[in-house]
A.B. asks: 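Would you mind keeping the following structure in view while I ask a few things?
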Protein chains: 2
Amino acid sequence: MTNPAYVAVDWGTSSFRLWLIGRDGSVLAERRSGEGMTSAAKTGFSAVLASHLAAVEAPENLPVIVCGMAGARQGWIEAGYVDVPAPLAAILTGAVSVPGESRDIRILPGLAQRQAATPDVMRGEETQLLGALGSTSAGAQAVCMPGTHSKWVHVSDGKVSGFSTFMTGELFDAVSKHTILAHAVAGAEAQPADAAAFEAAVSAAFARPALASNLLFTARSGQLLHGISAAAAQARLSGTLIGLEIAGALQDATDSGIILVASGRLQALYEQAFKILSLAFTAIDADAAVRRGLSAAAEAIWPN
Amino acid sequence: MTNPAYVAVDWGTSSFRLWLIGRDGSVLAERRSGEGMTSAAKTGFSAVLASHLAAVEAPENLPVIVCGMAGARQGWIEAGYVDVPAPLAAILTGAVSVPGESRDIRILPGLAQRQAATPDVMRGEETQLLGALGSTSAGAQAVCMPGTHSKWVHVSDGKVSGFSTFMTGELFDAVSKHTILAHAVAGAEAQPADAAAFEAAVSAAFARPALASNLLFTARSGQLLHGISAAAAQARLSGTLIGLEIAGALQDATDSGIILVASGRLQALYEQAFKILSLAFTAIDADAAVRRGLSAAAEAIWPN
């Protein structure tokens with residue numbers, strides 16, 4: 001087995017992921033837990049990290065590269081933001097050291113869009129983006145990173161020109177749980193997913209995004225008047241919100257193609273949406289992308 | 001004092017309102033409570049009504065006309081729906097009698113839109129609409145009834161051609177309380193309302209409705225990057241959702257004018273939104289409208 005070179009950590013709001021990376025770039029060990037920023041802010045970031053480092057038997061002098069919400073103001077150490085427009089490589093030089101630690105721990109900055117009509121921020125996705133595209137990508141791309149807060153980033157020849165956050169995942173949760181539509185979707189998990197209802201909802205919202213909050217309500221009215229299933233109602237909610245997101249993200253787009261950076265269920269849903277809308281895309285695995293981005297940062301900061 | 005002629009009740013999901021109406025049409029007494037359908041379904045509709053009738057000393061043989069969710073399947077007695085397109089006056093003949101009561105109690109039906117691409121239902125607003133327009137209105141109108149579930153109804157020469165529900169009020173609550181934006185709006189109630197932020201958000205969402213879920217997020221990013229106040233963040237949420245609603249409601253509109261049926265704070269907000277969008281409108285008080293609609297039904301069912 002190759003010797004470990006550094007530790008890479010993706011520390012989000014509600015999740016913690018750690019990889020022990022070897023000198024040849026291979027993954028020697030991995031840890032995943034729910035000790036995200038929210039939980040670690042109470043129990044202590046240093047202690048959470050130390051327990052996972054011990055679990056993978058990381059040598060004492062091994063450096064650690066971190067991205068995500070650990071660098072937020074309410075996180076471990078504030079790592080600030082790189083203002084866009086900016087080259088992707090700018091995040092490599094913006095890492096902040098965590099003081100008072102025996103080992104070298106650096107947290108990568110986020111990206112901020114201050115001057116636009118729609119101010120925006122990201123933290124963690126910039127590293128995923130770096131891993132997905134590399135620091136010297138050519139051409140113009142619209143990169144879609146779906147999630148609780150979906151990010152759409154416009155990149156041109158390795159430079160981020162702007163980005164937008166869509167609250168798709170969080171709206172889906174809030175609407176499913178805390179509105180009258182909760183009755184309509186109750187029990188959906190026990191039914192097979194309704195692909196046709198999802199695709200119809202994506203198309204309807206993409207074609208007429210102004211009707212979004214009316215289309216959401218048809219999950220209930222469709223159940224009252226036409227007896228649609230809970231799975232169909234749930235598919236209408238997710239399809240409407242994803243169709244709205246794609247319509248908004250692409251309305252001014254001049255990019256040549258879409259790059260989808262996602263994993264698992266979200267990747268499948270967005271692929272289905274792009275296909276029904278006849279939008280060409282390339283898919284990149286999100287987990288692999290964030291690890292590649294952290295590795296690019298580690299290799300820039302601690303060259304062999 | 002004139003003798004009482006009938007009792008009018010607007011029985012919604014979470015509210016109960018009762019008026020004792022005199023032979024000359026005047027309001028002799030009024031009751032308001034939180035004993036809406038949700039609460040009355042547990043304690044009993046008959047008992048709730050009886051207690052309020054006793055409080056206003058309604059004579060034993062006085063008839064009662066009811067509109068709203070008391071007529072829903074999960075209400076007192078299901079009063080069904082009148083299918084649109086239909087003349088407004090059709091609800092007058094669709095009232096259902098409550099069996100087993102010593103006095104004559106009738107519940108008015110709702111409206112259903114079964115065949116459209118967007119199925120829809122309303123219950124209670126049809127009576128408000130009847131009161132606002134009368135049963136023989138001329139010309140084409142778009143009637144806006146804002147609320148938890150805003151209703152936009154297209155009426156042409158007294159006939160309802162179609163309608164749409166927008167979940168504006170409920171989305172505002174869910175987003176304000178159950179997403180990351182809860183932090184951004186915390187404390188807004190203690191600050192003066194930010195009219196400029198509201199108007200900018202209405203205009204932005206009306207112009208670019210596809211960006212709705214991105215514009216919502218700027219309540220947070222605006223606070224992180226530009227330190228906007230909680231009141232400004234809250235104004236962005238309500239302005240974005242109201243601008244989205246108006247864009248959706250009017251995108252196919254061929255009506256000659258907007259009639260706003262609302263009261264209090266919602267009336268003020270929608271008037272402000274229509275003004276900033278340069279949309280001509282006429283305002284009608286919602287409380288007076290529902291009472292007039294109930295009176296029209298009572299006078300049709302129990303002519304003097």
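Letters A, B, ... are given to chains in the order of the sequence lines, protein chains preceding strands, and every chain is numbered from 1. No experiment lies behind these values; they were computed from the predicted model shown. When reading the values below, keep in mind they use all heavy atoms of this one structure, side chains included, and skip hydrogens, waters and symmetry mates.
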A.B. asks: Hey, could you give me the OG1/NZ distance between A/T38 and A/K42, rounded to the nearest 0.5 Å?
C.D. replies: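 That separation rounds to 7.0 Å.
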A.B. asks: Against chain A, work out which of B/S221, B/A247, B/P209 has the most heavy-atom pairs shorter than 4.5 Å and name it.
C.D. replies: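 When all of B/S221, B/A247, B/P209 are compared, B/S221 has the most.
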A.B. asks: Considering all heavy atoms of both residues, which atom of B/A79 and which atom of B/V96 are nearest to each other, and what is their separation?
C.D. replies: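 Where B/A79 meets B/V96 most closely, the heavy atoms are CA-CG2, 3.8 Å.
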A.B. asks: If we define contacts as heavy-atom pairs under 4.5 Å, which of A/D120, A/D173, A/L244 has the most with chain B?
C.D. replies: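 Of the options given, most contacts go to A/D120.
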A.B. asks: With chain A, which of B/L211, B/T218, B/T179, B/L224 has the greatest number of heavy-atom pairs at distances under 4.5 Å?
C.D. replies: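 Option with the greatest count: B/T179.
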A.B. asks: Looking only at heavy atoms, which two atoms of B/A273 and B/F198 are closest? And how far apart?
C.D. replies: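 Smallest interatomic distance, heavy atoms only, reads N-CE2, 4.1 Å.
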A.B. asks: As an exercise: rank B/T148, B/T168, B/T165 by heavy-atom pairs under 4.5 Å with chain A and give me the winner.
C.D. replies: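 So the answer, after comparing B/T148, B/T168, B/T165, is B/T165.
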A.B. asks: For the pair A/Q113 (side chain) and A/V84 (backbone), establish whether a donor and an acceptor sit closer than 3.5 Å, ignoring hydrogens and angles.
C.D. replies: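 No, because the side chain of A/Q113 does not come within donor-acceptor range (under 3.5 Å) of the backbone of A/V84.
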A.B. asks: If you tally heavy-atom pairs under 4.5 Å against chain A, which of B/A204, B/P119, B/S164 wins?
C.D. replies: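 Option with the top pair count is B/P119.
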A.B. asks: B/Y81 versus chain A, heavy atoms under 4.5 Å apart: side chain, backbone, both or neither?
C.D. replies: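 B/Y81 touches chain A through side-chain heavy atoms alone.
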A.B. asks: So what's closer than 4.5 Å to chain A heavy atoms on B/L171: side chain, backbone, both or neither?
C.D. replies: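 Side chain only.
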A.B. asks: Given heavy-atom pairs under 4.5 angstrom as the criterion, report whether the side chain, backbone, both or neither of B/I180 touches chain A.
C.D. replies: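 Interface part for B/I180: both.
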A.B. asks: Does any N or O in the side chain of A/R123 come within less than 3.5 Å of the main-chain N or O of A/G71, such that one atom is a donor and the other an acceptor?
C.D. replies: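 Flag set: sc A/R123 to bb A/G71 pair under 3.5 Å.
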A.B. asks: Relative to chain B, which of A/K177, A/R220, A/H149 shows the most heavy atom pairs under 4.5 Å?
C.D. replies: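 The candidate making the most pairs under 4.5 Å is A/H149.
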A.B. asks: Whether the A/W152 and A/E245 side chains hold a donor-acceptor pair (N or O, under 3.5 Å, no angle test) is what I'd like checked.
C.D. replies: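 Indeed, the side chains of A/W152 and A/E245 share at least one donor-acceptor pair under 3.5 Å.
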A.B. asks: Using a cut-off of under 4.5 Å on heavy-atom pairs, state which of B/A174, B/G248, B/A210, B/G222 scores highest against chain A.
C.D. replies: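 Most heavy-atom pairs under 4.5 Å with chain A: B/A210.
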A.B. asks: If you measure only the distance, is there a donor-acceptor pair under 3.5 Å linking the side chains of B/Q234 and B/E189?
C.D. replies: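 Yes, B/E189 and B/Q234 have a side-chain donor paired with an acceptor closer than 3.5 Å.
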